[in-house]
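Here's the structure, in structure tokens; my notes come after.
Convention: sequence-line order gives letters A, B, ...; per-chain numbering from 1.
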2 protein chains.
Amino acid sequence: MFKQFGIGAPSEFFTQPPSVGVSIARSGQLDELVALEQLGSRRSFARDAEIYAEGDRADCWFKIVSGTVRICKLMADGRRHIAEFFHAGDCFGLDGEGERTFAAEAVGDVIVMRFNRAATERLIDERPVLARCMCNMMLRNLAHAQTRLLLLGRMTAPERVASFLLELAERRDVRRVLEVPMSRNDIADYLGLTIETVCRVLSAMKRDGTIAIPNPHRIEICDRDALEATVEM
Amino acid sequence: MFKQFGIGAPSEFFTQPPSVGVSIARSGQLDELVALEQLGSRRSFARDAEIYAEGDRADCWFKIVSGTVRICKLMADGRRHIAEFFHAGDCFGLDGEGERTFAAEAVGDVIVMRFNRAATERLIDERPVLARCMCNMMLRNLAHAQTRLLLLGRMTAPERVASFLLELAERRDVRRVLEVPMSRNDIADYLGLTIETVCRVLSAMKRDGTIAIPNPHRIEICDRDALEATVEM
DNA sequence: CGCCAGTTTGACCAAGATCAACGCAAGTGG
DNA sequence: CCACTTGCGTTGATCTTGGTCAAACTGGCG
């Protein structure tokens with residue numbers, strides 16, 4: 001089982017039941033977790049350090065203890081694209097068994113658990129219930145990618161920025177004060193915009209009272225309805 | 001196993017080994033296929049017919065016998081987004097167990113096999129090797145979505161069109177003469193462009209001899225190198 | 001033949017990119 | 001402790017890509 005797997009998991013693999021029904025492994029889960037902890041080794045990375053590079057052998061995966069990670073790719077002419085951000089509790093790096101197709105980098109200082117792929121596979125063979133977790137994880141990844149496809153394909157700059165803020169709020173489960181660990185450049189490359197456009201849109205939102213920006217890495221949502229109205233799918 | 005699953009499968013589930021190694025179920029596969037055939041029922045849809053709608057209960061999935069299907073979504077203000085095209089041999093509609101988040105429509109006339117989800121789940125519980133197929137399928141979906149993210153986020157119109165043509169060629173496994181079942185409008189909504197831009201780019205490619213367009217639904221690749229150079233990631 | 005749907009082309013427009021300053025806070029070194 | 005640098009972030013002016021609007025073309029079909 002589990003020879004190759006998804007790009008990453010925007011959710012709490014092994015520590016929390018999947019959001020949608022199914023009631024997985026209520027009993028076994030903790031045991032698995034303990035087993036996993038012993039398989040993993042703690043690593044830390046400084047800001048902008050490369051956790052793995054495009055082209056590396058994909059022989060391990062990671063779970064974030066603290067910090068934020070970006071999954072990204074540099075095009076030949078220097079254009080950069082960020083496929084995903086992962087936060088504390090998320091898993092990432094479960095990509096195909098061959099080479100990495102994206103790089104993973106630390107957005108700020110990051111601490112992760114590193115898991116050997118082969119060892120994990122053995123564990124999963126013993127406890128097939130874990131396979132179900134993996135599938136759920138990949139499903140969520142896929143659903144999220146689909147949402148982003150719509151965003152990048154059909155949304156205007158203000159809609160993208162509004163979506164981004166609401167997504168941040170939802171992931172961190174806060175209603176008002178957002179911590180924004182990534183730079184404006186990261187946000188731009190995530191939303192398919194330029195840094196200037198991101199700034200301008202944020203400034204416009206600040207001007208009309210939708211948000212407040214006490215400092216660049218902290219944004220407060222003052223008028224959530226306005227944000228939601230901006231997205232309006 | 002398999003309570004909820006990916007958006008669709010751009011590949012040959014159950015009929016062909018996965019492209020990347022792993023050598024799955026060499027022996028059992030045919031038996032499964034036979035079992036499945038008996039679970040499924042043949043359905044046909046006319047051009048533009050809705051196979052399922054956004055919001056429908058996701059209690060079945062499909063494998064395409066012939067024709068092309070688009071997975072799409074209409075935004076409130078009429079903007080349309082096509083998440084994916086599926087062709088003969090592909091599976092789709094394995095989305096989450098709740099409601100459909102996208103609609104599926106027939107691009108031309110389409111024949112599909114329709115499979116009941118619950119029955120399939122039972123089959124998979126009996127033959128866990130099938131779960132591995134599912135995971136591979138989702139992995140491919142995910143990898144493809146990631147590629148499209150890059151396309152929509154960071155590529156110019158000519159790059160998008162060139163990618164599209166090369167993707168078509170690769171999927172159909174032809175080197176020169178492409179059948180293009182979908183309309184220019186479909187292509188535009190798939191690439192995040194307008195129909196006019198798609199036309200203009202195709203016309204430009206025709207002008208400089210990269211492609212020939214004997215009729216709107218047939219495109220010939222005359223200079224594959226030029227196409228590949230256009231994409232150049 | 002004329003209509004219809006889809007495609008193509010052209011003229012013009014605007015959202016967002018690019019280029020260029022400027023601001024501002026956190027180091028750094030004299 | 002204070003100039004000076006450095007790295008972001010913000011703002012403005014201008015340009016370009018691709019969108020919008022409108023008209024012409026094409027091939028099938030009653």
- NA contact type, Arg47(A), heavy-atom cut-off 4.0 Å: base, sugar-phosphate, or nothing? sugar-phosphate
- Asp56(A) side chain to Ala53(A) main-chain N or O, any donor-acceptor pair under 3.5 Å? yes
- Enumerate the residue pairs fulfilling salt bridge (charged side-chain N to carboxylate O under 4.0 Å, His left out) with a member in residues 180-207 of chain B, sequence neighbours excluded, ordered by first and then second residue. Arg154(A)-Asp189(B), Arg70(B)-Asp186(B), Arg80(B)-Asp186(B), Arg80(B)-Asp189(B)
- What residues form a salt bridge (charged side-chain N to carboxylate O under 4.0 Å, His left out) with Asp77(B), not counting sequence neighbours? Arg79(B)
- Item | Protein proximity profile, nucleotides 7-21 of chain C - base contact B, sugar-phosphate-only contact S, no contact -, cut-off 4.0 Å on heavy atoms | SBBBB----SSBB--
- Residues passing the ring pair (Phe, Tyr, Trp, His ring centres under 6.0 Å) test with Phe164(B), sequence neighbours excluded, are Tyr190(B)
- Going by the salt bridge (charged side-chain N to carboxylate O under 4.0 Å, His left out) test, which pairs reach into residues 210-222 of chain B, not counting sequence neighbours? Arg176(B)-Glu220(B)
- Query: Going 5' to 3' along DNA chain D, which nucleotides are the first and last within contact of chain B (any atom under 4.0 Å from a heavy atom)?
  - Reply: dG18(D) to dC21(D)
- If you look only at pairs with a residue in residues 194-233 of chain B, which of them pass as a ring pair (Phe, Tyr, Trp, His ring centres under 6.0 Å), with sequence neighbours excluded? none
- Those residues that, when tested against Arg57(A), pass side-chain hydrogen bond (donor to acceptor under 3.5 Å, both in side chains) (two or more places apart): none
Review item, side-chain donor-acceptor pairs of residues 226-233 of chain B, under 3.5 Å, at least two apart:
unit_1    : atom_1 : unit_2    : atom_2 : d
Glu228(B) : OE2    : Arg224(B) : NH1    : 3.1
Thr230(B) : OG1    : Ala226(B) : O      : 2.8

